[in-house]
Amino acid sequence: MQHQNQIICDLLRSGYIPQPIRNGNGATDPGPRDILRDLENPDMITPPATDNGLLPNMRYSFSDTHMTIKSGGWSREVTAREMPVMTTLAGVNMRLTPGGVREVHWHIASEWSYMLTGTARVTAVDQYGRNFIADIGPGDLWYFPPRLPHSLQGLKDGCEFLLLFDDGNFSDLNTLSLSDLFAHYPKEVLAANFGVPVSDFNCLPSGQVYIYQGTVPGPLECEAAKSPYGVTPLSFKHRLLAQTPITTPGGSLRVADTSNFPVSKTTAAALFEIKPGAMREIHWHNNNDEFQYYIAGQARMTVFGENGKARTFDYRAGDVGYIPVGYVHYVQNTGNDTLWFLEAFKSERFEDLSLNQTMAVTPRDIIAGNLHVGPEFLDTLCKEHFPVVPCFYPNSQS
Ligand code: MN
Ligand code: MN
């Protein structure tokens, strides 16, 4: 953060102010303007000349969202309310203190999560009375099938994670919670249900607790909550970052979908590492829209749609990107540090179509005639490629 502020200060001191001027066209922007945002979004203030037509906004920063602050942690969300194009998945960024608890609750949507930092204990119960309790570390995932009750608790250093729900209109502030249930059922009904006097319910929370400060639990081995029906047959946890990645000259990727994380039927994801000067190749997806979450570094992406529509966006750590199904995109590392981001889909499987792969297996005469390419370039254009490629832009690496 300090580093980033220093860069901005240096740019301002050097007199560099980005202007909407391109190839002699345009004019300066004398203001009012937010120069810090313009510096962060060079492709917004001066888009590439190839950008064209009407595409909706496909970037939203968690920094521009409402922060819900509670004793025990915080949460904020990017949903279809923030970015209307985002219909398939909604994202929540949450932090829990050591011992902080996201209370027992459930919801209509499924829940998929990536642990960004720290550790948490997660618990869930299924429709057969079987339970699942596990500790989740950095780079681990969890997945809760829709409508199963679950809870999350920060362990000794607390934690921060990204949550995805398979409905763009979902809100984590609009769930069914244990405290709400007890607050909104007649006390005599609760008494009858549990076979205890009404007076036992005199100290209940008056409404939804959401997040509360608890005490850090003991080791997992000492956990007393054991079900007579055993544990859920499928694990709700997957160690994504611990996978041996698929490595390429420009970076690496790790995939989690029903092929290796079978419980995650409604969310598939891939974690990409893009080295400085490299990019995720030009591609699109056949199964569903893509939700992106930028974990570290900075990037740019051009989204291409029907009839020549194209729009370029800049992304930084903490931003969410979104791409409608079938729309073409690349993700280019525009920083000096390694770029890390997630691609996630409301789908059973992670699948994509590569431009290079498409051209490699299409008859060369077609490509030559289609693109007016001479035979000397065909071998270069029409060969298989890596999903993460070195591209030597803009920081050419020798
Ligand atoms: Mn939940
Ligand atoms: Mn993609």
Side-chain angles (χ1 to χ4, degrees), residues 18-29 33-34 37-61 64 78-91 168-169 272 274 279-294 298-316 319-334 339 341 343-347 351-359 362 366-367 369-373 381 385 387 389 391 393-394:
Q19 300 290 1
I21 295 174
R22 189 180 57 214
N23 303 329
N25 297 318
T28 59
D29 177 2
R33 59 185 294 191
D34 186 335
R37 282 184 99 88
D38 290 340
L39 285 167
E40 286 189 348
N41 297 289
D43 292 293
M44 238 6 131
I45 181 101
T46 317
T50 41
D51 276 14
N52 178 53
L54 303 174
L55 280 177
N57 178 45
M58 298 183 201
R59 190 208 60 195
Y60 207 95
S61 175
D64 291 327
V78 174
T79 71
R81 291 179 299 286
E82 283 71 32
M83 190 156 49
V85 70
M86 200 167 116
T87 54
T88 60
L89 294 166
N169 283 295
F272 283 89
I274 315 281
M279 74 176 214
R280 166 92 165 94
E281 68 167 340
I282 299 171
H283 69 282
W284 61 98
H285 302 272
N286 55 303
N287 47 2
N288 216 332
D289 296 357
E290 172 173 328
F291 179 107
Q292 298 176 330
Y293 178 69
Y294 288 86
Q298 62 181 66
R300 86 165 181 168
M301 172 169 78
T302 302
V303 177
F304 168 77
E306 303 91 339
N307 201 25
K309 289 193 289 275
R311 187 169 172 191
T312 305
F313 298 88
D314 302 294
Y315 298 88
R316 311 174 77 83
D319 287 350
V320 170
Y322 196 88
I323 306 131
V325 64
Y327 279 22
V328 181
H329 51 284
Y330 62 87
V331 178
Q332 196 165 38
N333 185 346
T334 53
L339 170 70
F341 75 100
E343 293 188 2
F345 306 85
K346 182 175 178 175
S347 177
E351 292 173 335
D352 67 8
L353 284 140
S354 148
L355 178 63
N356 293 77
Q357 182 64 33
T358 298
M359 290 169 63
T362 298
I366 302 259
I367 302 294
N370 200 157
L371 295 178
H372 309 166
V373 177
L381 283 181
H385 226 300
V389 298
C391 73
Y393 169 92

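All values below come from the heavy atoms of this structure, side chains included, with hydrogens, waters and symmetry mates left out. Just so it is clear, the model here is predicted, and its values are computed rather than measured.
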Looking only at heavy atoms, the pair that brings Asp38 and Pro18 closest together is CB-CG, 3.9 Å
By ring-ring contact (aromatic ring centres under 6.0 Å, His included), Phe291 pairs with (sequence neighbours left out) none
With side chains defined as the heavy atoms from C-beta onward, is the minimum distance between Met58 and Pro56 less than 4.5 Å?
yes
Rounded to the nearest 0.5 angstrom, the CZ-OG distance for Arg37 and Ser61 is 7.5 Å
Quick check: do Thr358 and Trp284 have side-chain heavy atoms less than 4.5 Å from each other?
yes
Inset, instruction - Take Phe341 and Val331 through the test side-chain contact (heavy atoms from CB on, under 4.5 Å) and record every step on the way to the result. - result: CA-CA 9 Å; Phe341 75 100; Val331 178; 3.8 Å; yes
What one should report as the nearest heavy-atom pair of Leu55 and Val303 is CD1-O, 3.3 Å
side-chain hydrogen bond (donor to acceptor under 3.5 Å, both in side chains) pairs touching residues 48-58, sequence neighbours excluded, are Asp51-Thr312
Sorted by chain and residue number, the ring-ring contact (aromatic ring centres under 6.0 Å, His included) partners of Tyr330 (sequence neighbours excluded) come out as none
Throw together a table of side-chain donor-acceptor distances under 3.5 angstrom for residues 81-90, partners on residues two or more places apart or in other chains.
from	atom 1	to	atom 2	distance (Å)
Arg81	NH2	Glu77	OE2	2.9
Arg81	NH2	Thr79	OG1	3.2
Glu82	OE1	Thr79	N	2.7
Glu82	OE1	Thr79	OG1	2.8
Thr88	OG1	Tyr322	OH	2.7

side-chain contact (heavy atoms from CB on, under 4.5 Å) test vs Tyr315 passes for just one of Arg300, Met301, Gln298, namely Met301
Review point. Would you say Asp352's side chain and His285's backbone share a donor-acceptor pair under 3.5 angstrom?
Key: no
Contacts satisfying side-chain hydrogen bond (donor to acceptor under 3.5 Å, both in side chains) that involve residues 18-28 (not counting sequence neighbours) are Gln19-Arg33
Here the gap from Arg59 atom CZ to Gln292 atom CD, rounded to the nearest 0.5 Å, amounts to 12.0 Å
Between the CG atom in Asn333 and the CG atom in Leu339, the distance rounded to the nearest 0.5 Å is 5.0 Å
Minimum side-chain heavy-atom gap Leu371-Met359 below 4.5 Å: yes
Tightest non-hydrogen contact, residues Pro48 and Asp43, listed as CD-OD1, 3.9 Å
Problem - Close side-chain approach of Phe345 to Glu351, heavy-atom, < 4.5 Å - result: no
Output for pair (Asp319 CG, Asp64 CG), nearest 0.5 Å, gives 8.5 Å
Distance col, row Asp314:CG vs Arg316:CZ, nearest 0.5 angstrom, shows 8.5 Å
Sequence neighbours excluded, the answer for salt bridge (charged side-chain N to carboxylate O under 4.0 Å, His left out) partners of Glu290 is none
So CD1 of Ile282 and CG of Leu353: to nearest 0.5 Å the spacing works out to 13.5 Å
